[in-house]
Structures are given as C-alpha cells and as structure tokens.
Amino acid sequence: MAAIPSHGLRCFNSHPWLQTLRRNPSPHSFPSFTSLSVSLSSPSPVEEDSEESQLDTTANPSSTNNSKKKEGNSSFFPKRGQTLELVCESLAFTGKGLCKVSDTGFVVMCDRALPGERFIGRVIRKNRNYAEVTKIKTISPHWDFVEAPCEHASHCGGCKTQNLLYEAQLRAKEEQVRDLVVRVGNFSDKELECFDIMKPIIPCDSQFHYRNKMEFSFGSKTWLPGGPLQDIQNDAAGYALGLHVPGFFDKFLNINKCLLQSEPANKVLKAIQESWRDPNFDLSPYDVHSHAGFLKHLMLRLGRDINTGLPELMVNFVTSSYKPELLKPLLEQISHIPEVVSIVNNINTSIGNTSVGEDEYTLLGKSTITETLRGLAFEISANSFFQTNTRQAEVLYEIVEEYADLKGDGSEIVLDLFCGTGTIGLTLARRARHVYGYEVVPQAISDARRNAKLNEIHNATFVQGDLNKIDVNFGKDFPKPDIVISDPNRPGMHMKLIKYLLRLQSPRIIYVSCNPATCARDLDYLCHGSVEHNIKGCYKLKRLQPVDMFPNTPHIECVCLLELQ
C-alpha cells in the first residue's frame, strides 16, 4: 500500500501538555486526548477571571500584551471573553488547532481550527499553560482547504477534519506521532532516522463509509446549529435521532445521513427517521433529565456473509424497557431492506447513557452477524468488540503478523494482552504453538472462545482478568512467551504490567496503540526505564508504524516492535 512521505514535516518548539505528560507519567495523570479535553472544559476556579475582567472583551491582544509585559507572567494569560486574532500552526493531539498569541507565544487551542487558518477567536476557558477559544470568524482559510461533503461537518463532532485535504491530515498525524515519540518517549530524531525506526504513515483507502458500527441517540430536543434548543419538549417535531453535540450529554444533532457508515446503514437510518416520530406509533425518546421515555439508542452494525460475501446488517434498538409491540411499526419499515438480517432489542433500565443492555432479545432474523478478517470468520453480537474499520484492520493485523515473524513450526508461545474478542491472537494461532489471551470484559472472552471454536482453532486459551490489577502470581499459569502482543485502551499499560513485562523479558513485544501519547510514555519505560519507578529498561525500539484507521478524525493507531537488548 502506498504511504505518504514524511518529508517536509514541521516540528514544534513547545507543547505544554507534553511537558506535563513527562512530569506526571503515571497511567492516570497524563493529558491524553480525553483528559486534555476534560481539563479544557473544566478549568480550575483559581485560574478563572473575575466577573470584572470578563467584561473587558474588546482589548487589542497585541497592545494589551505589550503594555502588561512588565507586570510579570500574568500578561501571558489572555482574559476570558477577550477576542484575539490567531493563526493556527498545527493540529494538536486532540484534533484541536494549536495557535499562539502574538508577542507572548502563549498557547491557545481552538476546536475546528486547521493549519494556516487565520481567524478571530474568543477565549472561553483557560488553564495554567494554555487557553481554549471558540472560533467566531475565519479571516483566511487554511492551507489545504477542501469542501466538506457532509452537511453536518460544521457541527458534528464525529469527523472534524473533513475540510482538510486528506494528504494534509496524514502529514499532521505522522508529525504528531513523531513529536510524541521524541518528546515523551525520549527517542531522538536522529535515532528514528538513522535506524529507520519510524515508518511513513499508512493511509486508508476509503476516507468515507469505512465504519462498520455507528451508534445514534434518541433525544427529546433537537439542537439547532446557531440557535437554542427547541422549546417544546413534547412536540414530536422537535425529537432528535442523531449524535451528541460535542461537549454535551443532553444535546443532540439530528442526523439524516452519516458519511462514515455504509449505504445499507444509511438506508435504515433514513427509514427510521421518516417514521419514528409518527404520533400513531406512540414512541417516545428517552429524556436524560427526567429519565422518562422509551427509545434510547439505535446501533447499526455491518458484517459480511462468510459464504457469499454479501453485506449483513444488524439493527439494535436500545430501550428503557421491554415492550416489543411498540417496536413493531419500525420493524415493518426496515425489515424489507435486503441487507437487514438481524434486529435485536437491548434493554437498559439504568439512568446512564450506555448502550449495553442488561437483557437482549432477538426480534427478527439472527442474533449475530459475521465478518471475515485475515482468512478467519468472526461472529459479532450486538455488544461485541470488533475493529470498526474492517478493511484497515486487515492492514493493521498484517503488520502485527509481519512483526511477530513466527517461525511457522508451531514452537512459539504468544501472550495476547488486552485481547478483546481474540482477533489478533487467533490470526497468529495458525503458526504458533499456543496463544494465551487476557481481557477484562467477560463478554469479549466469551466471543473469543466462540470465534476460536468457529474457526476450529484449538491452541488458544482465553482468560478473563483485569490487567491493571495483576499480582505476583500472574504468569504462572502459562509458559514463558516468545512474543507478547499488547493492545491496551487509551490509558495505556499500568505500571504493574510494565514491571511484569520487564521481569518477563520476552524476546519480542508488539505494542498496538490507539493513543500515541500513552504509547510513547510506555515505550520510554520499556526501553529507557525510570528512576522514579525504580525500573530499568531492557528493550530496543526497532519499528514504529503509524496507521490511519479513522480518516477525518484525530485518532491514530500505531504498531511498535520492541526486541530484548
């Protein structure tokens, strides 16, 4: 697959949250994509401006900063409510635009600002090392502007970079990974280049319609872009079926068509949108404040028939109670769509926002759908974890297999940590002596065992357990592995697990990461050690391959190969 070259990438001199990441390297203290967003939306009360200072919103940023420079560091803090003219320098690791206030260099983050864009922004929040602004007006567009094809692109939080040329998205992501590996992982640029460690990012062939799973929420009020919530709560015309407005749990953007999901899924979404508000159906959306209402979520999952290769669509209605008679009109609207082979109903009685039900009922067709990945068949239930970009998962797993470099004589032991439904481990089992997989989610372990049986794989053992809470007995129930696969979630690996891996000293570790910030931190521990944690690194980073799994979003996947020194 062709890759975008890495030449011409720019490096930045200062990322305050990277410095914070290195000062606070514990698994729960780093400002990852998620935690940075939280900190920006929840500024410390000590850092907030007074009511009097909030009234001053018209000051010229340059003159204000110049006049106060002699007053000390306080001049580096723009006031909340102040308007600034800014130029976006790059995309930060949350997908927000990184800008700097002229003359002072103070870092400002802006959602939906893209590299090269000059705009007017108003300061809405601030922290010790950076502030957050909202864009009021674009003065001149960014360098690689393209028209976003989705009607919801300006307001939906799903794919914020649609109007950035895809090649520019790839350059930004590759640059972010390199910057993190250097600044957080303590690897030098020279080391990455001379030893050909970091590879150019692998693009995704499809920038749209690549997701095999989308989850939409029902809401009692539709959020109108540029306006308030609709006032009449009980008016069906104001009901919403769509996605959460970024940063809000109770505001919903009505979605008629999503370009990230498949065409069959959009057919179902359209059919439901056109019918569910009919007052004759007596269907009510769940209200997150009053906790009244019936419809909570609509989940659409796409697979393929393992014999014919034809698409299979599962429709999952998540409701607050089990009343199948209320769903019959909707079933009639979508059951004629050829791709729909499964309609299920998950019952979630909690007041939370999760889509996982306590009970599940099959209303029509099969209880599962299937998908093929690296020559193996997988059964997918409504709540199964499965890679959401099937085609690019093939690319990702191919890299894992290449880095594993199994002999093929059935002599090697593979330890698959954070194994999920066993997709990576099962693809390696064909050439290994035995695969041992560990995962905290019981349903995922059940799926992994079922998938092993489906593919007649008998040399794979899957165990349910929390890898963040391992003790001295962990590892005694399996032989020393020749290869360790670690695919943690966004917080990365707990220090207990890192210390175990350093004691284990497996010849090879393949680290698959969905968060390059925590990946860089863990690579630093495994390769360089830590005086603070009293650990000595014993691995050498041999390869680092970024993969774009999710175009038009800030998310980045990386596969890293480490070998014992």
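In what follows, residues are counted from 1 in the order of the sequence shown. What you see below is based on every heavy atom in this structure, not just the backbone, and it leaves out hydrogens, waters and symmetry mates.
With ring centers used as reference points, H528 lies under 6.0 Å from F187. Residues H533 and Y525 bring their aromatic ring centres within 6.0 Å. Two rings, from H244 and F249, have their centers 6.0 Å or more apart. H142 and F119 have their aromatic ring centers separated by at least 6.0 angstrom.
Using a distance-only test at 3.5 Å, with no hydrogens or angles considered, no donor-acceptor pair links the side chain of D466 to the main chain of V440. A donor-acceptor contact shorter than 3.5 Å is absent between the side chain of T553 and the backbone of C159. In this structure a side-chain-to-backbone donor-acceptor pair under 3.5 Å is present from Q169 to N552.
Scanning for side chain to side chain contact (heavy atoms under 4.5 Å, CB included) contacts around V146 gives L165, with sequence neighbours left out. Residues forming a side-chain hydrogen bond (donor to acceptor under 3.5 Å, both in side chains) with T423 (at least two apart in sequence, or on another chain): Y397.
Using a 4.0 Å cut-off between charged nitrogen and carboxylate oxygen, K257 and E151 do not count as a salt-bridge pair. A salt bridge links R178 to E193: one of the charged nitrogens lies within less than 4.0 Å of a carboxylate oxygen. Salt bridge K173/D548: present, at least one basic N to carboxylate O contact under 4.0 Å. Checked for salt-bridge contact, K221 and D250 miss the test: no charged N lies under 4.0 Å from a carboxylate O. Under the 4.0 Å criterion applied to side-chain N and carboxylate O atoms, K160 and D111 are assigned as salt-bridge partners.
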query: R118 and E85: salt bridge (charged side-chain N to carboxylate O under 4.0 Å, His left out), yes or no, with the steps?
result: CA-CA 7 Å; R118 182 179 295 274; E85 182 176 320; 3.1 Å; yes

- request: Go through the steps to decide whether N266 and Q261 satisfy the test side chain to side chain donor-acceptor pair (under 3.5 Å), and finish with yes or no.
  value: CA-CA 7 Å; N266 275 321; Q261 69 177 359; 2.8 Å; yes

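Summarising the local packing, NZ of K199 is surrounded by more than 12 heavy atoms from other residues, nucleotides or ligands at distances under 6.0 Å.
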